[in-house]
**Student:** 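Have a look at this one.
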4 protein chains.
Amino acid sequence: MTKSDCDKRIAILNAALELFSENGFHGTPMTLLADRANVGIGTIYRYFKNKEEVIVNLYRELKGESVAAMRENITKEMPIREQFINIFENLLKFYIANPQKFSFMEQYSYSPFINCAAKQQVCSAYAESLVNFFEYGKKHQVIKDLSTQLIFATANGQVVSLAKMHIAGEISLDDKIIRSAIETSWDALKR
Amino acid sequence: MTKSDCDKRIAILNAALELFSENGFHGTPMTLLADRANVGIGTIYRYFKNKEEVIVNLYRELKGESVAAMRENITKEMPIREQFINIFENLLKFYIANPQKFSFMEQYSYSPFINCAAKQQVCSAYAESLVNFFEYGKKHQVIKDLSTQLIFATANGQVVSLAKMHIAGEISLDDKIIRSAIETSWDALKR
Amino acid sequence: MTKSDCDKRIAILNAALELFSENGFHGTPMTLLADRANVGIGTIYRYFKNKEEVIVNLYRELKGESVAAMRENITKEMPIREQFINIFENLLKFYIANPQKFSFMEQYSYSPFINCAAKQQVCSAYAESLVNFFEYGKKHQVIKDLSTQLIFATANGQVVSLAKMHIAGEISLDDKIIRSAIETSWDALKR
Amino acid sequence: MTKSDCDKRIAILNAALELFSENGFHGTPMTLLADRANVGIGTIYRYFKNKEEVIVNLYRELKGESVAAMRENITKEMPIREQFINIFENLLKFYIANPQKFSFMEQYSYSPFINCAAKQQVCSAYAESLVNFFEYGKKHQVIKDLSTQLIFATANGQVVSLAKMHIAGEISLDDKIIRSAIETSWDALKR
DNA sequence: AATGAATGAGACTTCATTCAT
DNA sequence: TATGAATGAAGTCTCATTCAT
């Protein structure tokens, strides 16, 4: 695949992100997507089988990005508390810095029409990182002995909720508030 | 005849809940909605100006229900901790007992095409209850001195996240787990 | 038929005239017609078989009125020129005084969907009066020896055209101008 | 390809003329229009924003044609009387030779739902030609010193009325009768 | 006799997708 | 390979008419 081939594909996904996050999947006709990406509609169908494939591929891409963001500055040698705080600070900051990506991913996660298999596949890849970390924390008796899913829900739920509110303008997050939020989350889960 | 008027309207909203939660707003044509409600399509338009009005009215109705559910067995005389735990247990149990309602409300909350004014209006009515409670808890120095929004995000985010996972089959909640989850949340927010 | 029966029928026709002339036949739903006439929709269908019947009946009524108006102050003893001028002055003034009636009748005369039989039947009744008069004028060698239809077209065409322009605000007619217009028409047709 | 682009657009307008003149605007569903034009429905919407735009564009086109027809064989050097007779003969013959075009334009001129601005804009362009001619005739004291509007109404009204009757089968016009009709009209307006 | 809630055929329009260039 | 004109299935909504009250 030449460079310029990739350029088109990326242009399409970038345009898709903009438009889907603003207008939703259903509010975004393929023609508009083509216009915004500066390609012909036919071209979209060279890179993606159909509209759903655009959505799914975009989701995959973004989920990858957010996992990468989450893992920044994390080493296994760090104290578990610090890892925890860094992980969720990373995540929340990524969401806030990329409101369109956050918006799209949440929309996607509730869209019932999307192929379930695709959803699961990508989601689990995302959760895997965290699962391992929580298991590790529990084993070392630093994190409460709750089910990993429950721990995940508690920490992740707060972060998602905060990002959503921030983007909706219902709360205004800065570094200090973010830090105190994640520390609050830690209080919930520490042993 | 009042009763029969209400019957049709309610039949439509019930069908809408079923179909919207399963297939999403856009996956539910008005014809299907009419069929499921055992009503002519024209009839829907006697009760609702258009599809969006069906959605908005359903949301309003359900949000009212969930606020009512949340307030059950809560009195101002109860210890604050007990109130907190009851409130969020109520909410989580309501979501789990009514997965379609939960699904629909979350979908709605992310739908970008829905009139923003309507969204805000209903949401704020919902949040008000909690806001007052959190303010009260902070004043009595039982809840951490964090912004009310942050407190809300922490407790509500966990509950939403748990409900979502439970419905997706990613976690299985029973009364005992629910209790420990909410207690975990309390650990986050207690002073 | 009791008096109150007639009242409803007339209320419907009055409302129809208002609404049809403003919004056209197709721009006027039966429900709106019922509202404006202060009757139930069902009631309209007691007095008229269907929407078309409302239109046709209204047309008949109005054509009758305009023939009556045209004939005012005309006696067979008058000079032919005076009769001519009075007839078309009457007609033009009737149109101007009743723009809704004029509008409706013209609309009707061009509506292709209306039962042709009904159209002809009523139209001819209208033309009959004039035909007799023109024949008489020709016989007495006061009016040019042209086909009656052509004479009719010339005099009537001018009046219709003037009424249309007046109502559209493209010309402003007063008694003096009306008189000179009809005299102009007479110049065309006199021998 | 310019040619093929125009082909579709023209096919649609041709079909529209046929169908609108036969069945009226409201009696012509877009699906039927598409069928008659041998075009998919979607294609109509590539060339016209909506049904009204089809109507307005068709009107514009036809009004242009009729102005062109009216002007044939007219030079400023001709005697005014000859110009007058040629103009209105041209117009009447154009109407008779194109009964669908005439029908459509008259229907349009009475349709209350059509955007008024568009109507005026096109109509005035049409009238302009005549206005100039009448002013010229008045200045040279060949045409009566009546308002231009009145002159227009008189000559145009007759022609429209004749065309309408001819098409309805109420009169049968040939070249000789047409000539005598327009001469009659001239008698009305000459000084 | 009068009503108006209920109906559903059918109108307009959109938009995902195809395919000839 | 890239394009975008063409398509028509399918969606939303209107409105003439019916019929039980």
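Note on naming: letters A, B, ... go to the chains in the order of the sequence lines (proteins, then strands), and numbering restarts at 1 for each one. Quick caveat: nothing in here was measured; it's all calculated off a predicted structure.
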**Student:** In whole Å, what is the span from the CG atom of A:Asn50 to the P atom of F:dA9?
**Tutor:**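 Whole-Å distance recorded here is 19 Å.
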**Student:** For the pair made of CD1 in D:Ile44 and P in F:dA5, what is the distance, rounded to whole Å?
**Tutor:**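 The distance from CD1 of D:Ile44 to P of F:dA5 comes to 17 Å, rounded to the nearest Å.
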**Student:** Ignoring hydrogens, what is the shortest heavy-atom contact between A:Ile12 and A:Leu33? Give both atom names and the distance.
**Tutor:**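 Heavy atoms only, the tightest pair is O-CD1, 3.7 Å.
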**Student:** Using ring centroids (six-membered ring only for Trp), state whether D:Phe25 and D:Phe104 fall under 6.0 Å.
**Tutor:**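 When the ring centroids of D:Phe104 and D:Phe25 are compared, they turn out to be within the sub-6.0 Å range.
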**Student:** Using whole Å, report how far NE2 of D:His26 lies from C1' of E:dC12.
**Tutor:**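 One finds 13 Å between C1' of E:dC12 and NE2 of D:His26, rounded.
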**Student:** Would you mind reading off the distance between D:Glu53 atom CD and E:dT13 atom C1', rounded to a whole angstrom?
**Tutor:**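 Rounded to the whole Å, the gap is 14 Å.
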**Student:** So does C:Lys101 pair up with C:Glu65, basic N to acidic O under 4.0 Å?
**Tutor:**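 Salt bridge present between C:Lys101 and C:Glu65.
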**Student:** Rounded to the nearest angstrom, tell me the gap between atom CD in A:Glu52 and atom C1' in E:dT17.
**Tutor:**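 A:Glu52 atom CD is separated from E:dT17 atom C1' by 14 Å.
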**Student:** Please report the closest heavy-atom contact between A:Leu19 and A:Arg36, naming both atoms and the distance.
**Tutor:**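 For A:Leu19 and A:Arg36, the tightest heavy-atom pair comes out as CD2-NH2, 3.3 Å.
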**Student:** Is B:Glu53 salt-bridged to B:Arg60, going by a charged N under 4.0 Å from an acidic O?
**Tutor:**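 Salt bridge: no.
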**Student:** Heavy-atom nearest nucleotide on DNA chain F for A:Arg46 versus C:Tyr45: which residue maps closer to 5'?
**Tutor:**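 Per heavy-atom nearest nucleotide, the more 5' residue is A:Arg46.
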**Student:** Contacts to DNA chain F from residues 29-43 of chain C, heavy-atom cutoff under 4.0 Å, which residues?
**Tutor:**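 Those residues are C:Pro29, C:Met30, C:Ile41.
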**Student:** Check DNA chain F for consecutive Watson-Crick or G-U pairs with both distances under 3.5 Å and list the runs of at least three as stems.
**Tutor:**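 Output for stems: E:2-21 with F:2-21.
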**Student:** What's the spacing between D:Asp35 CG and D:Met30 CE if we round to 0.5 Å?
**Tutor:**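 Those atoms lie 12.0 Å apart.
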**Student:** When you check the gap from the basic side-chain N to the acidic O, do A:Lys164 and A:Glu106 get nearer than 4.0 Å?
**Tutor:**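 Salt bridge between A:Lys164 and A:Glu106, a charged N being under 4.0 Å from a carboxylate O: no.
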**Student:** For the pair made of CZ in C:Arg9 and P in E:dA1, what is the distance, rounded to whole Å?
**Tutor:**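 Rounded to whole Å, this separation is 16 Å.
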**Student:** Show your reasoning for whether side-chain contact (heavy atoms from CB on, under 4.5 Å) applies to C:Phe20 and C:Val54.
**Tutor:** CA-CA 11 Å; C:Phe20 289 160; C:Val54 177; 4.2 Å; yes
**Student:** For the side chain of A:Tyr47, starting at C-beta, report the closest nucleotide among E:dA16, F:dA2, E:dA5.
**Tutor:**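 Nearest nucleotide to the side chain: F:dA2.
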**Student:** Sub-3.5 Å donor-acceptor pair from the side chain of B:Gln107 to the main-chain atoms of A:Ser111, do we have one?
**Tutor:**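 Not confirmed, B:Gln107 side chain does not pair with A:Ser111 backbone.
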**Student:** Rounded to the Å, how far apart are D:Lys8 NZ and F:dG4 C1'?
**Tutor:**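 Roughly 14 Å, once rounded to whole Å.
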**Student:** Rounding to an integer number of Å, can you tell me how far A:Lys51 NZ sits from F:dA9 P?
**Tutor:**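 My rounded result for the distance is 20 Å.
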